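Because the structure is a prediction, the values reported are computed rather than measured.
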Amino acid sequence: ALLEHALGATLYMPATRSTIAQDISGGQLKGLTSMVLCLEDAIGDNEVLKGEESIVSQIKELALTVAQGRICLEDIPFIFVRIRSAEQMKRIAQVLLENISLVTGFIFPKFTARNGEEYLRTLLEINKGQEKPIYAMPILESPDIINIESRQQNLLEIKSILDSYRSLVLNVRIGATDFSGLFGLR
């Protein structure tokens, strides 16, 4: 309950950034509470594999700096990974192994009643055997939530899914940029 209110301003950065671990351990991000390593719209489709590899490399480097005592766990911001699919989340978790504990959660973009169950079911599987939970942060930003004809039904369906996995859902975000685009307010 405390964590869902403790995120502060969240810094988004492309997952392809090669200095994430250095920036954290070197103090360049001092005072940052939470950050997102984005594999979705912050990188191009042709950079996804590079982004996945970078996340794994940066998280492993952070784990090593913690193990060597060069940085304390308390100095690491809450790290979230914005993924493109449930399959991608599963793949990253499998490669990270025990280092997944440095990831606070996964962000599910364009979360809907159609894809929500798969995202959360996969996250539930990833959480099996973990000492601390890895959370979900769904983002509501799809046209079916904007359209008045389908809004209420879609939101009720999403609520039902989220209620089923309440212990894993840290908070729900609204995609203001996508919504602005849908309204033509860019």
key: Separation of I76 CD1 from L32 CG (nearest 0.5 Å)   = 12.0 Å
remark   = Separation between CD1 (I161) and OG1 (T112), nearest 0.5 Å, reads 7.5 Å
query = Step by step, would you call I139 with R82 a side-chain contact (heavy atoms from CB on, under 4.5 Å)?
reply = CA-CA 10 Å; I139 302 178; R82 182 172 171 151; 3.6 Å; yes
task = Find the distance between CZ (F106) and CE (M137) and round it off to the nearest 0.5 Å.
result = 12.0 Å
note = Heavy-atom closest pair (Y135 atom, S167 atom, distance to 0.1 Å) is CE2-O, 3.7 Å
message = Other residues, nucleotides and ligands only: do more than 12 of their heavy atoms fall within 6.0 Å of CZ on R91?
response = yes
R151 CZ to E149 CD distance, which is reported to the nearest 0.5 Å = 9.0 Å
ask   = Are any of the side-chain heavy atoms of M13 and L37 separated by less than 4.5 Å?
value = yes
inquiry  = If hydrophobic clusters are built by linking Ile, Leu, Val, Met, Phe, Trp and Tyr wherever their side-chain heavy atoms come under 4.5 Å apart, do L123 and L97 end up in the same one?
reply    = no
message = Would you say that more than 12 heavy atoms from the other residues, nucleotides or ligands in this model lie under 6.0 Å from the NZ of K132, or not?
response = yes
inquiry  = Are L11 and V103 linked, directly or through intermediate hydrophobic residues, by side-chain heavy-atom contacts shorter than 4.5 Å (ILVMFWY only)?
reply    = yes
ask   = Is there a donor-acceptor pair closer than 3.5 Å between any side-chain N or O of S57 and the backbone N or O of E53?
value = no
task = With rounding to the nearest 0.5 Å, note down the distance linking NZ in K60 to CG in L62.
result = 13.0 Å
inquiry  = Starting from L140, can I reach L156 by hopping between I/L/V/M/F/W/Y residues whose side chains sit under 4.5 Å apart?
reply    = no
message = In this structure, would L49 and I20 fall into the same cluster of hydrophobic residues linked by side-chain contacts under 4.5 Å?
response = no
task = Report the residue from T33, I24, T104, V36 that forms a side chain to side chain contact (heavy atoms under 4.5 Å, CB included) with P77.
result = I24
message = If you compare all heavy atoms of Y119 against all heavy atoms of R84, which two are closest, and at what distance to 0.1 Å?
response = OH-O, 3.5 Å
request  = Please tell me if the side chains of I43 and K50 come closer than 4.5 Å, counting only heavy atoms from C-beta onward.
outcome  = no
query = What pair of heavy atoms forms the shortest contact from I126 to Q130, and how long is it?
reply = O-CG, 3.4 Å
Backbone of I134 reached by a side-chain donor or acceptor of N127 within 3.5 Å = yes
query = Once you round to the nearest 0.5 Å, how far does CD1 of I79 lie from CD of Q58?
reply = 9.5 Å
key: Check: M89 and V81 side chains under 4.5 Å, non-hydrogen atoms   = no
message = Show, in sequence, the C-alpha distance, side-chain angles and deciding distance for R173 and I107, and conclude whether the side-chain contact (heavy atoms from CB on, under 4.5 Å) test is met.
response = CA-CA 9 Å; R173 296 195 160 199; I107 294 180; 5.6 Å; no
task = Might you point out which heavy atoms bring E141 and K110 nearest each other, and give the distance in Å?
result = OE2-N, 2.9 Å
message = Would you say S54 and T16 are linked by a side-chain donor-acceptor pair, where the criterion is simply a distance under 3.5 Å?
response = no
message = Using side-chain contact (heavy atoms from CB on, under 4.5 Å), reason through F111 and L120 one step at a time and then give a plain yes or no.
response = CA-CA 10 Å; F111 189 88; L120 290 163; 3.8 Å; yes
request  = Kindly give the heavy-atom pair with the smallest separation between Y165 and L124, and that separation in Å.
outcome  = CE2-CD2, 4.0 Å
key: salt bridge (charged side-chain N to carboxylate O under 4.0 Å, His left out) between K128 and E125, worked out   = CA-CA 5 Å; K128 287 186 178 165; E125 285 296 313; 2.8 Å; yes
query = Can you tell if the side chain of V172 reaches within under 4.5 Å of the side chain of I158, non-hydrogen atoms only?
reply = no
key: Closest heavy-atom pair and its distance - N115, P109   = ND2-O, 4.4 Å
key: Intermediate values then yes/no, side-chain contact (heavy atoms from CB on, under 4.5 Å), Q22 and Q28   = CA-CA 8 Å; Q22 288 173 301; Q28 287 89 330; 5.9 Å; no
query = Between D75 (side chain) and I71 (backbone), is there a donor-acceptor pair under 3.5 Å?
reply = no
key: same_hphob_cluster(I59, L64) at 4.5 Å side-chain heavy-atom cutoff   = no
task = Inspect the surroundings of CD in Q68 and state if more than 12 heavy atoms from other residues, nucleotides or ligands are less than 6.0 Å away.
result = yes
inquiry  = Less than 4.5 Å apart, side chain to side chain, heavy atoms only: is that true for E157 and D144?
reply    = no
